[in-house]
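Since the structure is predicted, the reported quantities are computational estimates derived from the model, not experimental observations.
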Amino acid sequence: MADSDSGSTMDERAITRAGNPGNPHGLFGEQMLERMNQSHADVTNWALDQLKFKAGDRALDIGCGGGATMGRIAGRIQAAGGMGHVSGVDISEVSCEASRIVRPGGGRFLLVADVYHRPGLAPDVLQNIERYDLTVLAPGEYERLLVEAGFSRAKAHLKDGTTWIAVEAER
């Protein structure tokens with residue numbers, strides 16, 4: 001992240017380390033989730049653009065973090081003409097608590113990540129993947145695993161000029 005105010009960047013990194021992206025906890029976890037809700041907005045909206053939503057859709061947000069994605073999905077279902085249902089699960093109690101305020105009134109799956117495994121990942125990205133024991137796969141690996149899990153098809157979408165990935169699967 002390039003920022004002319006290095007103090008701001010250092011504060012964000014300190015909050016991320018203390019909050020633990022692998023399992024957010026405590027006050028720093030809450031602050032990190034709030035920041036992630038904002039900083040992941042672009043990648044999430046791009047990924048959701050890969051799907052067509054319709055009235056009555058039901059969605060499950062696995063790793064729901066701060067709940068912003070649940071709200072974005074609910075808004076798209078509502079904009080498509082009707083009520084649906086969005087649920088979220090997360091390993092972190094802090095994440096689940098933060099997501100409970102997001103409760104608006106098939107079988108498709110969408111994985112969204114701001115990084116996927118590929119040659120040339122920056123050293124700090126690789127260090128964070130290792131530090132927080134994150135699973136970061138190549139596009140073909142995600143597709144293969146989803147098909148092996150019982151989906152009839154899986155397709156990875158990559159955003160040019162970024163490390164963003166959205167993997168769509170259907171039953």
* Asked: Mind checking whether Leu110 and Val167 have side chains closer than 4.5 Å, heavy atoms only?
  -> no

* Asked: Would you say Glu34 has more than 12 foreign heavy atoms packed within less than 6.0 Å of its CD?
  -> no

* Asked: Is there a path of hydrophobic side-chain contacts, each under 4.5 Å between heavy atoms of I, L, V, M, F, W or Y residues, that connects Trp164 with Leu51?
  -> yes

* Donor-acceptor pair between Glu141 and His117 side chains, under 3.5 angstrom -> no

* Give the cluster check for Tyr132 versus Val136: same hydrophobic cluster or not, with ILVMFWY residues linked at side-chain heavy-atom distances below 4.5 Å. => yes

* Check: His40 and Val43 side chains under 4.5 Å, non-hydrogen atoms -> yes

* **Ion pair Arg153/Glu143, N-O distance below 4.0 Å** => no

* Are Leu134 and Leu111 connected in the hydrophobic side-chain network, where two residues link if heavy atoms are under 4.5 Å apart? -> no

* Least distance between heavy atoms, Pro139 atom then Ala156 atom -> CB-CB, 3.8 Å

* Can you tell me if Thr163 uses its side chain to pair, donor with acceptor, with the backbone of Asp114 under 3.5 Å? -> yes

* Asked: When rounded to the nearest 0.5 angstrom, what distance separates NE2 in His157 from CD in Glu168?
  -> 4.0 Å

* Asked: Are the side chain of Thr44 and the backbone N or O of Ala41 linked by a donor-acceptor pair below 3.5 Å?
  -> no

* Asked: Checking Ser152 side chain against Glu170 main chain: does a donor-acceptor pair fall under 3.5 Å?
  -> yes

* Does the side chain of Tyr116 reach to within under 4.5 Å of the side chain of Leu158, using non-hydrogen atoms? -> yes

* Asked: Are Leu27 and Leu33 in one and the same hydrophobic cluster, where Ile, Leu, Val, Met, Phe, Trp and Tyr link if side-chain heavy atoms are under 4.5 Å apart?
  -> no

* To do: Over all heavy atoms of both residues, which pair between Ile77 and Phe53 is shortest? Give the atoms and the distance, please.
  => CG1-CD2, 3.8 Å

* To do: Report whether Leu60 and Leu146 are members of the same hydrophobic cluster (ILVMFWY, side-chain heavy atoms less than 4.5 Å apart, transitive linking).
  => yes

* Asked: How far does CZ of Arg58 sit from NE2 of His85, to the nearest 0.5 angstrom?
  -> 5.5 Å

* Given side chains that start at C-beta, do those of Met32 and Met36 come closer than 4.5 Å, heavy atoms only? -> yes

* To do: Write down the atom of Arg72, the atom of Asn37, and the distance for their closest heavy-atom approach.
  => NH2-O, 3.2 Å

* To do: Flag yes if more than 12 heavy atoms outside Arg118 fall under 6.0 Å of its CZ atom; otherwise flag no.
  => yes

* Asked: Between Leu137 and Leu145, does a side chain to side chain contact (heavy atoms under 4.5 Å, CB included) hold up when you go through it step by step?
  -> CA-CA 10 Å; Leu137 304 175; Leu145 288 172; 3.5 Å; yes

* Glu130 atom CD, neighbour heavy-atom count above 12 within 6.0 Å -> no

* Roughly how far, to the nearest 0.5 Å, is CG of Asn128 from CG of Leu121? -> 11.5 Å

* Structure fact -> Rounding to 0.5 Å, atoms CD1 (Ile165) and CH2 (Trp46) come to a distance of 7.5 Å

* To do: State, to 0.1 Å, how close Ala166 and Ala47 come at their nearest heavy-atom pair, and which atoms those are.
  => CB-CB, 3.6 Å

* **Donor-acceptor under 3.5 Å (Asp57 side chain, Lys54 main chain)** => yes

* Would you call Asp49 and Arg76 a salt bridge, using N to O less than 4.0 angstrom? -> yes

